[in-house]
K.L.:
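Dropping a structure here in C-alpha cells format, bear with me for questions.
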Amino acid sequence: MATDDLIQLTDVTKSYQQHTVLHDVNLTIKTGEFVAFVGESGGGKSTLLRLIAGLEPATTGQLMMDGRTINGLNTVARVMFQDDRLLPWMTVLENLSFKSRDMNEKVRAQELLDLVQLHDFANYYPNQLSGGQKQRVALARALMASPKLLLLDEPLGALDALTRSRMQELIADIVDQENLTTILITHDVREAAKMADRIVAIKHGTTGLTVPGHRHQTDEMAMIAVANEVQEFILSD
Amino acid sequence: MKKRWQKVILVVLLFFWAGGTYYGYQQTTGSRDKLQKVTIGYQKGDPVDVSRSRGVLVKKMKELGYRVVFKEFADGASEMQALAAGSINYARTGDTPPVTAAASGTDIAYIAAGASRSSGSGILVQKDSDIDSVKALQGKKVAYTQSTSSQFLLLQALSKAGMSASDIEWVNMKQADAAIAFSKGDVDAWVTWDPYTAQGQVTQQAKLLTNGDGLSQNRDFILSTQQYAKKHEAVNEYLVKYLSEDMTWANEHPKALTKLLTKALGMKQTIVAKMVDRRDWTLTPMTKAIAKEEQTIADVFYENDLIKQRINVSDDVIYVSE
Amino acid sequence: MKKSNKQDKRQAENLLPWLIPIALIIVWQVAVDAKWIDATYVPSPLAVLEQGVTLWQAGTLQQNMGISLYRATMGLLIGGAVGFVLGVANGLSRISHALFNSTIQMVRNIPHLALIPLIIIWFGIGEPAKVTLVAIGVMFPIYINTLHGIQSIDPKLIEMGQSYRLTKWQMFTKVIFPGAMPTILMGLRYALGVMWTTLIVSETISASSGIGYMETNAQQFLDMPTIFLAIIIYAILGKVSDWIAALLESILLDWQASKGGR
C-alpha cells in the first residue's frame, strides 16, 4: 500500500441473505483524489459508499482506511445524503453545531455557512429553505468535523438543473479549498466527468470501467467524450 | 412578536396553575387538622410584638394545632374591652388595665408577668422646661392615659413627693394624641412608657423628670379571661412557654432585636436601641410576689377613688406551671 | 382598503367561537327571567355568578378549586412521568417493549373508572386515592403517544445521527425526543382532558373537598346554583388547560409552522 493511498478495498463482497449486491470489489483511492461512482440504480454504488462509511459491515473482504481496517463507523468520513436529513426542529446553525455547545463550534459553523453562502440563514428552520439551500446546509454539516473523507451520496439528485450546476461548482470549490478526498455517487455521467479525477463505473455489483475524469479541466468536448464512453459502458449488456 | 406573547401567556398561566396547586396542597393538609384560632392583642413594641415579628411562636403553635392571630391596640384599656367582648383571647398590657377592668367587673385572668419596666417609663418634660422636680409639677398640665400604667405612675410620683392628686391638672388622652400635645407644648409634662418615652427623649430631647424606679414596676402582663383560660390550660402553658423563650432570645440578642423592632415599629433605630438598651424582656408565669404588687396598685386606686370597688387580685391569678 | 377588509374578516372570525356560548347564556338568562323555565331547577346565569361570589367570599370556592387543582396536578405529574418513562423505555429498547407493552395494552383497556372500588379499598378516600386514579387515567395517553412518537421517527435521521457519531444521550435529546415531541404533546392534550374527567368522578364518589364534592354536596340540598357553578368551573378549567397545551404546542413546535419567513 503506497503512502498516499487513503482507502484500499480488497475483494469486498456484500450480500443480504441470498442476494449478492457487491462482489470482489478491489479499489484504491489516493489522498486528495476525487472519485465518482456511477452506475444504474440498484447497481451497488450506494452500498459501496455505505460500506466505506462504516454504516454497514462487508460480508467478506477487507476495507482499509488510513492503513486501518474499517470496523464499525468510519470516524474520519462524513456522509452527505441524497435527502438533506437535517433535523427540522433545529435552526440551520443548530443543525451544524448540534454535537456540542462549544463556542468554537458555533464560530466554525458560521464560517462554513459563509462558505456555502448561507450566511444570513443561520437562524432559519430547514423547512423555510429551498431544496438547494438545504443541501448546502447538509454540506456544511458534513464539513463541520473536518473529515478526511467526504462521501457524497447523490446529493444533487433531487435538485433542478440550474441549482444543480451551481451546487456542482460550489462543491468543487470547497473540495479544492479544503483539500478533501471525496467520493461522489451519481447517476449523471456528465456530472461525474466534470467533477471527478477518476470515474468508476459500477455494474452488476462490481467495478467495471475506470476512466480518468476531467476535474480542473476546461476541454468540454473531451469531457463529453468521457461521459459518453462511461454511459455506453453502463448501458451495454 | 406573536411567539413572545404566547410565551408570556403560557408562563402566566403556568404560574397561576402552580400557585393554585400549592394553595390546594396547603388546603388539603389544613383540612386534615383544623387549626384552632388563638387571638392575641398586643401593643407596639411589646413582648408579643417581638414574638410576632420573630415568627417562631406562630410556627410552634401551628405545629401544636393552633393558628395564632395578632391584633394591635393603642393601649391596654382598649385591649381590656376587646378581651371582655371576646374578640381576643389574650392581651398583653401594662400593670394598671387589669386592675381597673377587674374593678368594673370584667372577667380577668393573670397568666404571666414580665420583668420591671421602670427605667423605660416615667414623666417627660420639654427640653427647655423649668420643671426640674415632681414638686414643680404643681398646677401644671400633665398628659396621661386613664386606666393605664401612666395613671398609677403619676399617682405614685405625686404621693412620693408629698403631693396629692389634685395638685396637678390631669389631662387624659390617648398616647398618640399625648405625643402631639406634648410636642406642641399644649401640656407641660407627659407620663408615658417605652417606646414613647424613648421617642420623646430622642426626637424632642425631652427630659425624663423621673423614671418609674421606686414608683411603679410597670410590668407586662399576659392576660386572659377566667372563662377562656380555665378551658384552655394547654394554650396558657404553650403561650407562656414560647413567649418566655422568645423573651430569653430577646435578652440575648439586643442587636437582632433592635433590627426587628425598628422594622416592626417603623421608628428610628436610635429610638429603638434606647428602648432595647434599658429593658429586661424576661417573662415568667405569675408569682405571689407579683400578685402582691398588683394588689398595691388596686389599693392605691381604691384609696384615690379611681375605682369604686375593692378587688382581690389573687382571685384572678392563674399559676401556669413552667 | 382590501387589506383592512381582510383584517376585519379575520377579527370577526376570531370572535366566532364565542358567539354560541354568549348567545346561550343570554337566551338562558332571558328564559329564566321570563319564567319560561323553572328557576328552581335551572338557575339564571346571574344567580350562578352570585353564588360564585358568595362562595368565594366565604372562602370555600377557592379552597375547593385549589384542592381539585392540586389533585389534578399531582395525578398529572405522577401519571405523566410514569407514562413518559415507560413510553421512552419501550420505544428505545426492544426487550423492554417485548416485556411490558402487551401487559400495558391489556391494562389500558380496563376503563380506569372501573378501578374506583379497588382504589377506595386500597387507598381509602384520602388524597392518595384520588391522585392515583387521576395518575392511572393520565398515564395511558402519555404512554401510547410517547411510544408511538419514538417509534415513528424517521430512521434516516437516526442513521444520520449515527454516522455523525452522536452519543446515545445526544441521540435522545437532539433527535429522538424532539422528533417525538409533536406526538407526545398530542398525548398531553388528550391526557389533560382525561385528568379532569377522572377527577370529577373520583371527587363525586369519595371526597370531603374539591369541586366534585362541592357539586354532589349541593345536590343533596338541591342547591342548583352551586351545581351549575361547579359544572361551569370544570368547563373553564378544562378550557384553560387545553389552552395551555395548545400554547405549548405552538411554542415548542414552532419549527413546524414556520414555513416562509420568520
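Below, chain A is the first sequence line, B the second, and so on; all start at residue 1.
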K.L.:
Quick one: do A:Gln82 and C:Lys156 satisfy side-chain contact (heavy atoms from CB on, under 4.5 Å)? Show the steps, please.
P.N.:
CA-CA 11 Å; A:Gln82 177 168 12; C:Lys156 285 179 173 176; over 6 Å; no
K.L.:
Other residues, nucleotides and ligands only: do more than 12 of their heavy atoms fall within 6.0 Å of NE2 on A:His23?
P.N.:
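More than 12 within 6.0 Å, yes.
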K.L.:
Where is the tightest heavy-atom contact between C:Leu157 and A:Leu86, given as atom of each residue plus distance?
P.N.:
CD2-O, 3.7 Å
K.L.:
Looking only at heavy atoms, what is the nearest atom pair of A:Leu73 and C:Arg165, with distance?
P.N.:
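So the minimum-distance heavy-atom pair works out to CB-NH1, 2.9 Å.
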K.L.:
For residues C:Glu159 and A:Arg50, determine if any side-chain heavy atom of one lies less than 4.5 Å from a side-chain heavy atom of the other.
P.N.:
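Touching, per the 4.5 Å side-chain cut-off.
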K.L.:
Going by an N to O cut-off under 4.0 Å, is there a salt bridge joining A:Glu94 and C:Lys174?
P.N.:
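No salt bridge links A:Glu94 with C:Lys174.
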K.L.:
Around C:Tyr190, counting heavy atoms of other residues, nucleotides and ligands shown, do more than 12 lie under 6.0 Å from its OH?
P.N.:
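Open.
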K.L.:
Provide the full list of side-chain hydrogen bond (donor to acceptor under 3.5 Å, both in side chains) pairs with a residue in residues 173-185 of chain A, sequence neighbours left out, each pair given once.
P.N.:
A:Asp176-A:Arg215, A:Asp176-A:His216
K.L.:
Taking everything shown except C:Leu15 itself, do over 12 heavy atoms lie less than 6.0 Å from its CG?
P.N.:
yes
K.L.:
Between the main-chain N or O of A:Ala145 and the side-chain N or O of C:Tyr164, is there a donor-acceptor pair closer than 3.5 Å?
P.N.:
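Side chain of C:Tyr164 to backbone of A:Ala145: no pair is present.
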K.L.:
When rounded to the nearest 0.5 angstrom, what distance separates CG in A:Asp83 from CG in C:Asp154?
P.N.:
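One gets 7.5 Å once the value is rounded to the nearest 0.5 Å.
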K.L.:
Suppose we screen for side-chain contact (heavy atoms from CB on, under 4.5 Å). Which residues come up paired with C:Ile20, at least two apart in sequence or across chains?
P.N.:
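For C:Ile20, the residues satisfying side-chain contact (heavy atoms from CB on, under 4.5 Å) (neighbours in sequence not counted) are C:Leu24.
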K.L.:
Looking at side-chain heavy atoms only, is the closest gap between A:Phe81 and C:Ser163 below 4.5 Å?
P.N.:
yes
K.L.:
Heavy-atom cut-off 4.5 Å, strictly under: side chain, backbone, both or neither for A:Met144 against chain C?
P.N.:
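Neither part.
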K.L.:
Does A:Tyr125 reach the side chain of C:Asp254, with side-chain heavy atoms less than 4.5 Å apart?
P.N.:
yes
K.L.:
Give, for atom CD of C:Gln256 and atom CG of A:Asn127, the distance between the pair rounded to the nearest 0.5 Å.
P.N.:
8.5 Å
